[in-house]
Amino acid sequence: MLKLYNTLTKQVEEFVPLNPQNVGMYICGPTVYDYFHIGNARTFIMADIIRRYLEYKGYNVKFVMNLTDIDDKIIKKSIEEKVPASDVAKKYSEAFFEDIKRLRIKPATIYPRATENIAEILSMIKALIDNGAAYNVDGNVFYNVSSFKQYGKLSGKRIDELEVGARVEVMEEKQNPLDFALWKKSKEGEPYWKSEWGNGRPGWHIECSAMSCKHLGETFDIHAGGNDLIFPHHENEIAQSEAATKKPFVKYWLHFGFLNINKEKMSKSLGNFFTARDVLAKYSAEAIRLFFSQAHYRGPVDFNNDLLDSAEKGLEKLKNLRSTIESAVNKNKSGGVDPGFNFQDFEKRFKDALDDDFNIPQAVAVIFDFVKEANRTISDKDNLQLNYYLALKDFLIKTADNVLGIISFEHKEMKSDSLLENELIKILIDVRLKAKNEKNFQLADDIRKKLESFGITLKDTKEGTEFFKRD
RNA sequence: GGCGGCGUUGCCAAGUGGUCCAAGGCGAAGGUCUGCAAAACCUUUAUUCGUCAGUUCGAAUCUGACCGCCGCCUCCA
């Protein structure tokens, strides 16, 4: 039974989807005005693992991630770069898709964009006005926060306390400083869409309400995002959606902890800003995923190169076992003994960990325990049956590959090995063997060292020399 | 000022009342195997969970105080 922490109730609750088979999940995607950063990557990866785990459990997940492709930051960039806002959005949307692919993030079921859903947005704004939750002031439409009695139920904030803070933008037109824009009147030269209130563009919060409703319905199961979105973004989404539909918006709210650099918030002004691309240039997607998987999704995480190095190193254990499995499978020997390995137990521990509010670090620990146990069995007995190796592979594909995404079997297999290259390596291995037999260890070691520098590792075993290529 | 989070071994980090004298990863030390390696395996590496006081038969886990760190309250994953 899956339990998860719900920000709305501040409690760990049993997960009961609205429909027993199908789960609707929405995550706030990027504003496409720049490359996304490593903190965004954490959110996307955590959401990805949660989604994959729900699928592992047999749910049919409809996973919706929006792209905010029109907003102030995009307009600002378009002015700076003297290109249309749509070009900025196009460029960074494409970069976004490249990056998430490299991070091995499974594509969403659908990626709705704000600019492609203006009609839905307008009709929701209209419904809000009709319901007395919004008002138009000279082409700007605002949400009337005081009209929604439950405003603050997600973030635990109270309207009267917020007003005292006096840090909210002062705008003459607003009835209440906390009211937020649903529709922004366009200024000269800005992109706009026509509406009954005049030319303008949608406010930030409304697109998520409108698009989640369109694709997941008025009430859906899971809404996720970074911690900082709790207020005001998600609070506003609730206010908009529930005032428009008069129905509960979301059943479970999931929020991810922040990524810090040396305990400080990452920001461009502090100069400690890393895009996901920067990090991918130095580290593998699997290492990045493993690194994030070793901390609980709700807590903060500190990011630096040493930690990524550790993760990359830890991955070696997994990759080495993969190599062992693959060379055993390739040999395809018949006979051998069945070590009586308890796969069910590991699978149960893996499930129990993730059922407990997605305790991904615990699930990773189970994987490493599994690796150790598998290696122990292999080093104990040298005549193991093929089925055993296939079962090891099957387990790792189901868990570490398909759910966590920290190792890939498919990728390895698809890597096109040149026949010529392999034959040449075999010749070198033969030469080295002769050298070894003649006790010419210097030559033998030299060959091994040279091959190593091309990423080819030789391993002497009882059954001869094997070689592995690093990814 | 309001709301929330955090402080566990050399580093990262899970655990939130007994089965924990605390998982897993990295690092370190010794050993097995090997011509030497690599990989793997074995052993060791927190009598202790920010501090103090309390509740309890029993606490890293609950309560209180204190110290330290951080986030949100404004665009932000």
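Here is the naming used below: chain letters follow the sequence lines, and residue numbers restart at 1 for every chain.
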Option passing ring pair (Phe, Tyr, Trp, His ring centres under 6.0 Å) with Phe44(A) (candidates Phe256(A), Tyr297(A), Phe96(A)): Phe96(A)
Mind checking who G64(B) pairs with, Watson-Crick or G-U wobble, both distances under 3.5 Å? C52(B)
Going by 5.5 Å between centroids and 30° between planes, is there a stack of Phe258(A) over G71(B)? no
Which is true for Asp369(A) with a 4.0 Å heavy-atom rule: it touches a base, it touches only sugar-phosphate, or it touches nothing? sugar-phosphate
If I pick the P atom on U63(B) and the same atom on U56(B), what distance separates them, to the nearest angstrom? 15 Å
Should the ring pair Tyr143(A) and Phe148(A) be called parallel, tilted or perpendicular, given that the plane angle runs from 0 to 90° and is split at 30 and 60? perpendicular
Heavy atoms only: give me the nearest His37(A)-Met266(A) pair and the separation to one decimal. ND1-CE, 3.1 Å
Expressed in whole Å, how much space separates the P atoms belonging to U48(B) and G1(B)? 37 Å
Among G25(B), C76(B), A14(B), which nucleotide has an atom closest to any side-chain atom of Asp228(A)? C76(B)
Rounded to whole Å, how long is the line connecting atom NE2 of His223(A) with atom C1' of A77(B)? 12 Å
Can you tell me how far C1' of U74(B) sits from NZ of Lys174(A), to the nearest Å? 10 Å
Any strand counts, and the cut-off is 3.5 Å on both contacts for Watson-Crick or G-U wobble. Which nucleotide pairs with C3(B)? G71(B)
Heavy atoms only, 4.0 Å cut-off, all strands: where does Arg432(A) land among base, sugar-phosphate and nothing? base
Just the table, please: protein N/O against nucleotides 40-42 of chain B N/O, every pair under 3.5 Å.
residue : atom : partner   : partner atom : Å
A40(B)  : O3'  : Asn375(A) : ND2          : 3.3
C42(B)  : OP1  : Arg376(A) : NE           : 2.5
C42(B)  : OP1  : Arg376(A) : NH2          : 2.5

Base, sugar-phosphate, or nothing for Leu259(A), non-hydrogen atoms under 4.0 angstrom? base
For Asn359(A) and A13(B), what is the distance between atoms CG and P respectively, to the nearest whole Å? 14 Å
What contact category does Gly225(A) fall into here, base, sugar-phosphate, or nothing, at under 4.0 angstrom with non-hydrogen atoms? sugar-phosphate
Centroid separation Phe180(A) to His205(A) less than 6.0 Å: yes
Side chain of Gln362(A) only, heavy atoms from C-beta on: which candidate in A23(B), C11(B), C75(B) is closest? A23(B)
Whole-Å distance separating the CD1 atom of Ile378(A) from the P atom of A38(B): 19 Å
What does His37(A) touch in the nucleic acid at a heavy-atom separation under 4.0 angstrom: a base, only the sugar-phosphate, or nothing? base
Separation of the C1' atoms in G7(B) and A60(B), to the nearest angstrom: 12 Å
So do the side chains of Leu308(A) and Ile288(A) get within less than 4.5 Å of each other, counting heavy atoms only? yes
Need one value for Lys459(A): base, sugar-phosphate or nothing, where a base atom within 4.0 Å counts as base even if backbone is also close, heavy atoms only. base
Looking only at side chains, do Asp278(A) and Tyr35(A) share a donor and an acceptor under 3.5 Å apart? no
Tell me the interatomic distance from Asp306(A), atom CG, to C12(B), atom P, rounded to whole angstroms. 10 Å
How are the rings of Phe346(A) and Phe341(A) set relative to one another: parallel (under 30°), tilted (30 to 60°) or perpendicular (over 60°)? parallel
How far, in whole Å, is C57(B) from C52(B) if one measures between their C1' atoms? 23 Å
Assign the ring pair His255(A) / His234(A) to parallel, tilted or perpendicular, where the plane angle (0 to 90°) is split at 30° and 60°. tilted
Phosphate OP1/OP2 of G71(B): any Asn260(A) side-chain N/O under 4.0 Å: no
With rounding to the closest Å, how many angstrom separate the C1' atoms on C11(B) and A46(B)? 14 Å
Please list, chain by chain and in numerical order, all residues satisfying side chain to side chain donor-acceptor pair (under 3.5 Å) with Glu207(A), sequence neighbours excluded. Asn66(A), Thr68(A)
With ring centroids as reference points, do Tyr5(A) and Phe358(A) lie under 6.0 angstrom apart? no
Measuring only the P atom in each nucleotide, how far is C66(B) from G25(B)? A whole number of Å is fine. 40 Å
Quick one: look up who G18(B) pairs with, Watson-Crick or G-U, both distances under 3.5 Å, and put none if it's unpaired. C57(B)
Record whether the side chain of Arg448(A) comes under 3.5 Å of the base of A37(B) through a donor-acceptor pair of N or O atoms. yes
Pair assignment for U32(B), Watson-Crick or G-U wobble, requiring both distances under 3.5 Å: A40(B)
Determine whether a donor-acceptor pair (one donor, one acceptor, N or O, separation below 3.5 Å) exists between the side chain of Asp445(A) and the base of G35(B). yes
Answer with base, sugar-phosphate or nothing: what part of the nucleic acid does Leu458(A) contact at a heavy-atom distance below 4.0 Å? base
Considering every strand and a 4.0 Å limit on heavy-atom distances, what is the contact class for Lys73(A): base, sugar-phosphate, or nothing? sugar-phosphate
In whole Å, what separates the P atom of A77(B) from that of A40(B)? 40 Å
Find the distance Leu404(A):CG to G25(B):P and express it as a whole number of Å. 15 Å
Using only modelled atom types and a 3.5 angstrom limit, is any donor from either the side chain of Asp460(A) or the base of C36(B) paired with an acceptor on the other? yes
Considering every strand and a 4.0 Å limit on heavy-atom distances, what is the contact class for Ser310(A): base, sugar-phosphate, or nothing? sugar-phosphate
Mind checking whether His233(A) and Trp204(A) have parallel, tilted or perpendicular rings, split at 30° and 60°? parallel
Rounding to an integer number of Å, can you tell me how far Met65(A) CE sits from A77(B) C1'? 10 Å
Nearest-nucleotide 5' precedence on RNA chain B, Leu290(A) against Ala444(A): Leu290(A)
Between atom CG in Asp302(A) and atom P in G25(B), what is the gap in whole Å? 22 Å
When the nearest nucleotide of RNA chain B is assigned to Val364(A) and to Lys436(A) on a heavy-atom basis, which residue is associated with the more 5' position? Val364(A)
Classify Asp309(A) by what it touches in the nucleic acid, base, sugar-phosphate, or nothing, heavy-atom distance under 4.0 Å. nothing
If you measure from the P atom in A23(B) to the same atom in C42(B), how many Å do you get, rounded? 16 Å
